[in-house]
Each structure stands twice: as C-alpha cells, then as structure tokens.
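Just so it is clear, the structure is predicted and the values come from calculations on it, not from any experiment. Chain letters run A, B, ... following the sequence lines, proteins first, then strands; residues in each count from 1.
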Amino acid sequence: MKWLMKSEPDVFSIDTLKKDKTTWWEGVRNYQARNFMMNDMKVGDEVLFYHSNAEPSGIAGLARVSKAAEADKLQFDKKSEYYDEKATKEKPRWFCVQVEFVEKFPEVISLAELHKNEKLAEMMVLKKGQRLSVQPVSDKHFEVVKKMGK
DNA sequence: GCCAACGTTGGC
DNA sequence: GCCAACGTTGGC
C-alpha cells in the first residue's frame, strides 16, 4: 500500500529525514494512525511526506517504510511528553514503523496546488476536517502527486 | 490567534 | 453505552 504521513517541519522536516536517513515515527497517539502502522504498513511501502503547520503546508517529498512496526519507546519514557502510564513493556499500547528518506521535492507541493488538481479531488488529506496523521493513499493519487513533485 | 472538526475522557 | 466537556489538530 501507499501512505501519507504528516509531520510539523518545526519538529521534524524532510530535511531532518534526509540528514538522518531513517527515523522511527514516534509520538503518534491516535489509534487509527497506530493501527495503520501496526497492521498495514509493510517494509517497502512508499510514503508521501507531508509538512503540516508549515509555510506552506503540503507534500515535501517521498519516504519508504524501512522497518515494520515495533513498540514506540517514548511511551515508556517518563520524561517524554509522549509517556503513557498505562503502557507496559509486556503490553505496549503504541507502535510505530521506521521510515527511510527517498527524495525531497524541489519545492513543497502546497495544499493550494493540490486542491487545483482535479485528479486529487477525492484524496483524503484534502478533505475538510481530516486530521489523521497517518493515512492510506491510492496508487493513482500517489502517482499524480509524484509527477507534480518533479 | 481563531476556530471547525473530531478524538478522548469520564460521570452517570 | 451515552454524551457533554474538554483537548488537540491544523488550515487560515
């Protein structure tokens, strides 16, 4: 499958991923997003890297799933804002995949640009009120976005 | 900074 | 199990 993953570039941007090569997608505390990572994301799946709360917000590049889901370490870290007192090592509550850098687009494809493309009218991230930070993307939408990023 | 959308919590 | 209150996301 193909995916879109949101990150605030002030916190973690495509440039950070490029520099670090890979990252564990820690800190997701939404069950739907967790379930996608835990159940559906496979090594090799391609990912649109989305910048949220940004100037401009939009799709910044491509990544790929490099390791299947494991327990999110931050849920055990009392000093982390993502600490979860109800999680135990035996029964972790939160899982995340590892993603690797693939490509940074020459320019971020802004939300405005995406909205202009009729082929993307049904794309999840463009729907009003859609806040899910990990979401599936159809093959068709993925290819359209990839072409726009060239 | 505003606020709509929507997820989570907790009292009942 | 319902649902009001509250918190968060994220575009603008």
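Rounded to an integer number of Å, the gap from A:Leu132 CG to B:dT8 P is 10 Å. Rounded to a whole Å, the CE atom of A:Met123 is 13 Å from the P atom of C:dG11. A straight line from CG of A:Leu114 to P of C:dC12 spans 11 Å, rounded to a whole angstrom. Rounded to a whole Å, the CZ atom of A:Arg131 is 7 Å from the P atom of C:dG10. One atom, CD of A:Gln130, and another, P of C:dG11, lie 11 Å apart when rounded to the nearest Å. The separation between A:Asn53 atom CG and C:dG10 atom P is 7 Å, rounded to whole Å. Going from atom NZ of A:Lys127 over to atom C1' of C:dG11 covers 17 Å, rounded to whole Å. In this structure, the CG atom of A:Asp10 is 12 Å from the P atom of C:dG11, given to the nearest Å.
The six-membered or imidazole ring of A:Tyr31 lies near that of A:Trp94, with a centre-to-centre distance under 6.0 Å. If you look at A:Trp25 and A:Phe49, their ring centroids are closer than 6.0 Å.
Take the nearest nucleotide of DNA chain B for A:Lys128 and for A:Arg29: the residue whose nucleotide is more 5' is A:Lys128.
Checking the phosphate oxygens (OP1, OP2) of C:dG11, a side-chain nitrogen or oxygen of A:Ser57 falls inside 4.0 Å. Taking side-chain N and O atoms only, A:Lys6 has no distance below 4.0 Å to OP1 or OP2 of C:dT9.
Of the residues in residues 72-96 of chain A, none has a non-hydrogen atom less than 4.0 angstrom from any atom of DNA chain C.
When atom types are taken as modelled, the side chain of A:Gln75 and the backbone of A:Asp72 share a donor-acceptor pair closer than 3.5 angstrom. Looking at A:Arg64, its side chain never comes within 3.5 Å of a backbone N or O of A:Val102 through a donor-acceptor pair.
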Check: Do A:Trp3 and A:Met41 pass the side chain to side chain contact (heavy atoms under 4.5 Å, CB included) test, and can you show the C-alpha distance, the side-chain angles, and the key distance before you say yes or no?
Finding: CA-CA 8 Å; A:Trp3 306 93; A:Met41 293 183 89; 3.5 Å; yes
Margin query: Using side chain to side chain contact (heavy atoms under 4.5 Å, CB included), reason through A:Trp24 and A:Glu70 one step at a time and then give a plain yes or no.
Written below: CA-CA 9 Å; A:Trp24 287 97; A:Glu70 294 183 13; 3.6 Å; yes
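Residues A:Tyr50 and A:Val108 do not share a hydrophobic cluster, clusters being chains of Ile/Leu/Val/Met/Phe/Trp/Tyr side chains in contact below 4.5 Å.
Between C:dG11, B:dT8, B:dG7, one nucleotide has an atom nearer to the side chain of A:Tyr50 than all others, and that is C:dG11. For A:Asn30, the listed nucleotide lying nearest its side chain is B:dG7; candidates were B:dG7, C:dG10, C:dG11.
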